[in-house]
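These notes concern the structure reproduced below.
Chain A is the first sequence line, chain B the second, and so forth, proteins listed ahead of strands; every chain is numbered from 1.
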There are 2 protein chains.
Amino acid sequence: MNETKKLREILHQKNLRYTPQRQEVWDEICATKEHRDAEDIYNSLRKRQTNVSRATVYRTIDILVKNNLVRRLDLGDGRSRFENKIGIAHHDHIVCLDCRKIVEFMNEKIEELQEQVAKEMGFEIVRHVHQLFGRCLDEKCPNK
Amino acid sequence: MNETKKLREILHQKNLRYTPQRQEVWDEICATKEHRDAEDIYNSLRKRQTNVSRATVYRTIDILVKNNLVRRLDLGDGRSRFENKIGIAHHDHIVCLDCRKIVEFMNEKIEELQEQVAKEMGFEIVRHVHQLFGRCLDEKCPNK
DNA sequence: TTCACTATTGAGATTGAGTCTCAAAGAAGT
DNA sequence: ACTTCTTTGAGACTCAATCTCAATAGTGAA
């Protein structure tokens with residue numbers, strides 16, 4: 001597995017230890033493309049008999065985020081959500097307020113304008129949060 | 001005071017009661033243009049001998065937000081911040097990761113593109129969150 | 001102005017995500 | 001194997017925010 005190698009490499013590079021728990025958390029995050037929260041990841045691990053403590057799940061996620069393997073999302077529901085960043089192009093999110101569906105979008109022009117605005121205001125952007133909240137026009141959505 | 005009238009009107013319209021506590025909270029929010037959190041507002045009220053309980057502060061802010069008198073901001077520091085919305089033009093925020101300075105920005109073109117993107121994805125935007133996090137180039141900022 | 005009907009309030013308990021503590025367990029280089 | 005230093009787990013703790021419920025107080029009607 002390509003991702004395994006990547007984790008080992010980064011941990012080594014930062015003088016951190018490669019442990020089975022860290023591998024399990026990383027595997028779990030790589031397993032789906034959902035936008036999952038820490039509790040969710042913790043529960044999945046337990047369900048498949050993988051005993052990693054809650055504290056370790058949180059600590060490992062922090063390491064993954066700091067090393068750009070994972071992106072932390074704050075979709076405004078009071079908890080952090082996470083997505084695998086490896087090999088995934090940058091994007092932002094639209095969230096349906098009725099069905100909580102999350103759709104990804106990316107607009108080159110907005111990205112550029114953002115940079116330009118920041119420069120004008122005397123800032124250098126490190127990261128940004130751009131989320132649209134609204135109502136999807138999907139038939140299955142509890143919406144008229 | 002214009003704002004007082006506004007509050008009374010909205011409460012009446014929604015069959016909610018006009019109380020001194022609600023007035024105090026609203027006054028406190030109108031008093032500055034800072035991006036303050038609920039605890040901060042609560043403490044200011046206590047300091048000037050205005051006894052409004054913590055629960056009432058939170059409950060009142062919710063009412064103000066729901067009725068568009070106040071905007072709730074999530075600037076990624078684990079608490080909601082609030083700003084008076086009355087007579088204030090729409091804007092988004094840039095936050096300095098070093099000194100936590102908050103600067104407002106507004107770009108018509110980004111707003112348009114946002115609408116366009118949402119439409120393309122089959123959404124109708126209700127609100128959006130757009131924040132840039134980075135480093136300001138201010139001399140006074142603890143930054144090189 | 002009093003009444004009756006409800007909404008609101010306050011104090012403190014509770015929730016829930018996330019962090020911290022510290023003794024015991026375990027990587028990794030030698 | 002040995003040593004060193006990091007990591008782990010269980011549960012205590014933090015902190016913003018919400019909930020509970022008995023006591024209080026707006027508000028419209030009479």
Side-chain angles (χ1 to χ4, degrees), chain A residues 4-5 7-29 35-46 49-67 70-82, chain B residues 4-5 7-29 35-47 49-67 70-82 100:
Chain A
T4 299
K5 209 164 249 161
L7 178 63
R8 241 196 164 107
E9 201 178 284
I10 282 176
L11 291 174
H12 188 258
Q13 197 182 329
K14 297 276 163 114
N15 277 314
L16 297 172
R17 298 195 174 154
Y18 176 80
T19 67
Q21 289 90 338
R22 287 173 178 176
Q23 183 64 55
E24 291 291 350
V25 172
W26 177 227
D27 284 352
E28 187 59 38
I29 291 174
H35 304 86
R36 306 169 70 199
D37 61 48
E39 213 59 26
D40 197 15
I41 292 164
Y42 171 66
N43 288 327
S44 292
L45 290 170
R46 315 221 94 200
Q49 328 284 9
T50 312
N51 281 339
V52 180
S53 71
R54 180 178 278 104
T56 296
V57 169
Y58 279 95
R59 286 186 288 224
T60 302
I61 290 174
D62 281 351
I63 293 173
L64 298 174
V65 169
K66 275 191 191 118
N67 290 284
V70 165
R71 173 145 77 133
R72 179 189 304 273
L73 301 175
D74 178 353
L75 264 27
D77 56 358
R79 75 194 89 175
S80 290
R81 290 165 179 280
F82 303 94
Chain B
T4 299
K5 211 165 247 163
L7 178 63
R8 239 193 166 110
E9 200 178 284
I10 282 176
L11 291 174
H12 187 259
Q13 196 180 334
K14 297 276 164 111
N15 274 315
L16 298 172
R17 296 186 179 162
Y18 176 79
T19 66
Q21 289 90 337
R22 287 174 176 172
Q23 183 64 55
E24 291 291 350
V25 172
W26 176 227
D27 284 351
E28 188 58 40
I29 291 176
H35 304 85
R36 308 169 70 197
D37 61 47
E39 213 59 26
D40 198 14
I41 292 164
Y42 170 65
N43 288 328
S44 291
L45 289 171
R46 312 220 97 200
K47 247 178 227 146
Q49 329 284 11
T50 313
N51 280 340
V52 181
S53 71
R54 179 178 277 105
T56 295
V57 169
Y58 279 94
R59 286 185 289 225
T60 301
I61 290 174
D62 280 351
I63 292 174
L64 299 174
V65 169
K66 277 194 190 113
N67 290 286
V70 164
R71 175 145 78 133
R72 179 188 304 273
L73 301 175
D74 178 353
L75 265 25
D77 57 357
R79 76 193 83 179
S80 291
R81 289 166 179 280
F82 304 94
R100 284 279 146 193

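Residue contacts for N51(B): at a heavy-atom cut-off of 4.0 Å it reaches the sugar-phosphate backbone alone, with no base atom in range.
Distances shown here put every side-chain N or O of S80(B) at or beyond 4.0 Å from the OP1 or OP2 atom of dA16(D).
Atom-to-atom distance recorded for I41(A):CD1 and W26(A):CH2 is 10.5 Å, nearest 0.5 angstrom. The NZ atom of K14(A) sits 4.0 Å away from the CG atom of N67(A) when rounded to the nearest 0.5 Å. Note that the CG atom of D40(A) and the CZ atom of F82(A) stand 11.0 Å from one another [nearest 0.5 Å].
There is a side-chain donor-acceptor pair under 3.5 Å between D27(A) and Q23(A).
Atom-to-atom, CD1 of I41(B) to P of dA17(D) comes out at 10 Å; the value is rounded to the nearest Å. dT7(D) atom P lies 8 Å from atom CG of L11(A), rounded to whole Å. For D62(B) and dA16(D), the CG to P distance is 16 Å, given to the nearest whole Å. D40(B) places its CG atom 11 Å from the P atom of dA16(D), with the value rounded to the nearest Å. Remark: C1' of dG9(D) and CZ of R22(A) are 14 Å apart, rounded to the nearest angstrom. With rounding to whole Å, I63(B) atom CD1 is found 14 Å from dT18(D) atom C1'. dA12(D) atom P lies 13 Å from atom CZ of R54(A), rounded to whole Å.
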*Just by protein heavy atoms under 4.0 Å, how would nucleotides 19-29 of chain D read 5' to 3' in B, S and -?*
BB----BBSS-
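T60(B) places a side-chain N or O within 3.5 Å of a backbone atom of T56(B) that can act as its donor or acceptor partner. Here the side chain of R22(B) pairs a donor or acceptor atom with the backbone of R17(B) at under 3.5 angstrom.
The minimum heavy-atom distance linking A38(A) with V57(A) is given by the pair O-CG1, 4.0 Å.
Two residues, D37(B) and T56(A), neighbour DNA chain D, and the one matched to the more 5' nucleotide by heavy-atom proximity is T56(A).
Classification of R72(A) and D37(A) as a salt-bridged pair fails, no side-chain N sitting under 4.0 Å from a carboxylate O.
Running 5' to 3' along DNA chain C, contacts with non-hydrogen atoms of chain A at under 4.0 Å begin and end at dA17(C) to dG29(C).
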*Determine, step by step, whether Y58(B) and E39(B) satisfy the side chain to side chain donor-acceptor pair (under 3.5 Å) criterion, reporting the C-alpha distance in whole Å, the side-chain angles of both residues, the deciding distance to 0.1 Å, and the verdict.*
CA-CA 9 Å; Y58(B) 279 94; E39(B) 213 59 26; 3.3 Å; yes
